[in-house]
Amino acid sequence: MTLLIRNGRVIDPASNVDMTADVLVENGIVSKVMPQIQDQADQQINAEGCYVMPGFIDLHVHLRDPGQEHKETVVTGAAAAARGGYTTIVAMPNTKPVVDNADVVNYVHNKAKNMAKVNILQAGAITKKMEGMQLADIEQMVLAGSPAVSEDGKSVMNAYLLREAMQLAKKLDIPVLSHCEDRNLLNGGVVNDDENAKKYGLPGISNSVEDVIAMRDVMLAKDTGAKLHLCHCSTKDSVEIVRAAKEKNVRITAEVCPHHFTLSSDDMIPGDTNYKMNPPLRKREDVEALRQGLKEGIMDVIATDHAPHAKEEKNDSMLRAPFGIVGLETAAALTYTELVLSGCLSVMQMAEKMSLNPARVIGLDKGSLEPGKAADLVIFDPHKTYKIEASQFASKSRNTPFNGREVTGAVRATIVGGEIVYQAD
């Protein structure tokens with residue numbers, strides 16, 4: 001099977017290519033990237049006026065499968081990913097049962113292989129049942145294909161146990177994906193601890209809830225030599241912690257989510273639980289620091305923290321509703337609108353932070369359009385302006401604060417292994 005993508009603007013951060021060219025795909029592999037390819041092909045796409053980039057890779061997705069399939073499944077999550085331009089996603093382990101052994105890893109990988117439109121990699125939990133008491137069978141999960149471990153949704157509060165996990169992760173050459181949250185400082189908080197929380201009478205989550213654990217985990221990574229990846233950074237000091245760690249040659253990377261570089265706590269609509277996420281929306285000075293960190297390359301990755309919940313679960317008070325929003329189908333447009341059109345990032349940097357860098361974090365041989373690489377691509381239209389319609393999502397869930405928001409930039413097609421898995425009408 002051959003596919004020829006004509007006339008697109010090819011953006012490949014791995015080879016620093018930015019040119020109008022054709023891309024020929026043969027048997028799932030990028031064969032040629034050059035102007036005016038004359039070869040015949042079984043399928044053709046005219047990408048004139050669009051960017052052709054390596055498929056996006058999301059290091060932070062909740063598929064809720066197994067155990068909470070009313071929110072999302074491997075199949076619906078993969079469909080949402082394809083609509084968002086994602087060709088590979090990493091699923092978090094806080095499912096029911098928790099992904100703390102190879103059997104659950106195999107369940108997700110087998111289901112994905114047989115039923116999903118995109119590549120799905122299942123991260124393993126750090127501790128058994130994510131209870132923070134005993135290490136999970138990390139080595140067996142890695143042998144089953146887990147590219148990383150994470151206690152996502154919480155931190156391993158026992159520093160000695162986390163240090164043991166980091167030592168093992170270093171031996172296995174995998175990163176530890178860290179959700180930085182000091183449980184002892186959380187104290188029932190549901191929104192950022194600022195004047196808005198006081199105005200609405202809601203318990204707050206201070207920046208220190210994140211920053212204290214971020215600093216601790218950096219120190220443990222420095223001590224063990226493990227690869228540390230900080231998830232969904234939300235504070236201005238997290239940027240400085242990452243900056244300082246890199247200056248000391250700690251093996252660290254960090255991600256920022258679109259909701260954290262787009263919205264501040266001032267944007268919240270009172271009582272609307274679609275604005276409730278963890279970490280919470282912070283102050284405008286934090287938003288600006290995150291954007292600057294992305295611009296300077298301190299923050300390496302843009303991830304979604306796609307966290308689907310059923311309507312009846314979110315239709316509750318701010319105190320009781322679950323944390324989290326969906327993000328797979330809005331991330332590319334928000335990144336282009338908020339960061340590229342504003343001049344904060346170039347298109348090349350967008351591809352780097354959404355494709356190449358995520359691949360490098362987990363040691364994946366993807367994120368490039370160089371000949372010989374897997375043909376995982378996205379065709380992105382930078383001219384289309386529209387309003388986000390949550391009712392049209394492929395995800396089972398609709399919990400987003402961006403419904404009705406006007407954005408520019410749309411995924412026109414997603415190609416996985418040379419196969420078109422999504423194409424806009």
Side-chain angles (χ1 to χ4, degrees), residues 59-60 90 92-94 98-100 123-142 146-186 205-257 278-279 290 293 297-301 303 305 357-358 360-363:
L59 297 181
H60 197 155
V90 177
M92 292 295 103
N94 55 338
V98 168
V99 184
D100 61 2
I126 296 174
T127 69
K128 290 184 177 181
K129 298 183 180 180
M130 293 178 64
E131 292 177 342
M133 303 296 291
Q134 185 179 0
L135 288 185
D137 196 347
I138 293 173
E139 192 159 4
Q140 288 302 310
M141 289 189 290
V142 172
S146 289
V149 289
S150 178
E151 204 84 338
D152 191 86
K154 61 178 76 173
S155 290
V156 178
M157 292 305 297
N158 185 322
Y160 183 83
L161 194 62
L162 181 60
R163 186 177 184 275
E164 282 192 320
M166 285 191 176
Q167 289 173 324
L168 183 55
K170 182 189 178 186
K171 174 186 171 184
L172 298 170
D173 195 30
I174 60 166
V176 174
L177 313 183
S178 180
H179 170 111
C180 296
E181 178 182 277
D182 190 322
R183 192 182 313 160
N184 300 313
L185 291 173
L186 189 59
I205 302 173
S206 68
N207 284 26
S208 60
V209 169
E210 176 175 320
D211 298 338
V212 166
I213 297 297
M215 182 64 79
R216 181 203 70 169
D217 289 1
V218 164
M219 298 305 294
L220 289 175
K222 180 184 178 184
D223 183 35
T224 61
K227 292 188 288 188
L228 173 66
H229 178 77
L230 299 187
C231 298
H232 49 38
C233 295
S234 69
T235 72
K236 60 182 181 181
D237 282 332
S238 68
V239 178
E240 295 310 310
I241 289 169
V242 175
R243 186 196 306 273
K246 288 186 172 183
E247 289 173 353
K248 293 183 179 297
N249 297 316
V250 177
R251 301 171 74 193
I252 186 170
T253 52
E255 72 188 30
V256 182
C257 300
N278 189 17
L290 294 171
I298 301 303
M299 314 307 275
D300 310 88
V301 168
D305 192 14
N357 286 353
R360 287 176 170 171
V361 169
I362 56 172

Any idea which heavy atoms bring [X] and [Y] closest together, and the distance?
X    : Y    : answer
S155 : R183 : O-NH2, 3.5 Å
V242 : A254 : CG2-CB, 3.8 Å
L59  : P358 : CD2-O, 3.6 Å
D100 : K129 : OD2-N, 2.9 Å
P147 : I362 : CB-CB, 4.1 Å
K246 : G297 : NZ-O, 3.5 Å

Parallel, tilted or perpendicular: ring planes of H232 versus H179, cut at 30 and 60 degrees: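 The rings of H232 and H179 stand perpendicular, inter-plane angle above 60°.
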Can you tell me how far [atom2] of [Y] sits from [atom1] of [X], rounded to the nearest 0.5 angstrom?
X    : Y    : atom1 : atom2 : value
M130 : S150 : CE    : OG    : 6.5 Å
I126 : N158 : CD1   : CG    : 11.5 Å
C233 : I298 : SG    : CD1   : 12.0 Å
M299 : L290 : CE    : CG    : 6.0 Å
N357 : T253 : CG    : OG1   : 8.5 Å
K236 : N207 : NZ    : CG    : 7.5 Å

Stepwise side chain to side chain contact (heavy atoms under 4.5 Å, CB included) test for N94 and K154: CA-CA 9 Å; N94 55 338; K154 61 178 76 173; over 6 Å; no
Cut-off 3.5 Å, no hydrogens considered: what does the side-chain donor-acceptor table look like for residues 211-222, sequence neighbours left out?
from: D211; atom 1: OD1; to: T235; atom 2: OG1; distance (Å): 2.6
from: R216; atom 1: NH1; to: V156; atom 2: O; distance (Å): 2.9
from: R216; atom 1: NH1; to: M157; atom 2: O; distance (Å): 3.3
from: R216; atom 1: NH2; to: V156; atom 2: O; distance (Å): 2.9
from: D217; atom 1: OD2; to: S178; atom 2: OG; distance (Å): 2.5

Donor + acceptor pair across side chains of H229, D300 (<3.5 Å):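 On atom types as modelled, these side chains do not qualify, holding no pair under 3.5 Å.
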Sequence neighbours left out, cut at 3.5 Å: what donor-acceptor pairs do the side chains of residues 166-175 make with other protein atoms?
from: D173; atom 1: OD1; to: K227; atom 2: NZ; distance (Å): 3.3

Qualifying residues under side-chain contact (heavy atoms from CB on, under 4.5 Å), relative to N249, sequence neighbours excluded: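 side-chain contact (heavy atoms from CB on, under 4.5 Å) check on N249 returns nothing, list empty.
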Donor-acceptor contact present, side-chain E210 to main-chain S238, <3.5 Å: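 No, E210 side chain to S238 backbone: no donor-acceptor pair under 3.5 Å.
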Under 3.5 Å donor-acceptor, E181 side chain and L186 backbone: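 No, because the side chain of E181 does not come within donor-acceptor range (under 3.5 Å) of the backbone of L186.
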Side chain to side chain, C180 and L230, heavy atoms closer than 4.5 Å: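 C180 vs L230: side chains touch.
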Close side-chain approach of M133 and T127, heavy atoms under 4.5 Å: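 The answer is no; the side chains never approach within 4.5 Å.
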R360, CZ: over 12 other non-hydrogen atoms inside 6.0 angstrom: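 No, because the 6.0 Å sphere around CZ of R360 holds 12 heavy atoms or fewer from other groups.
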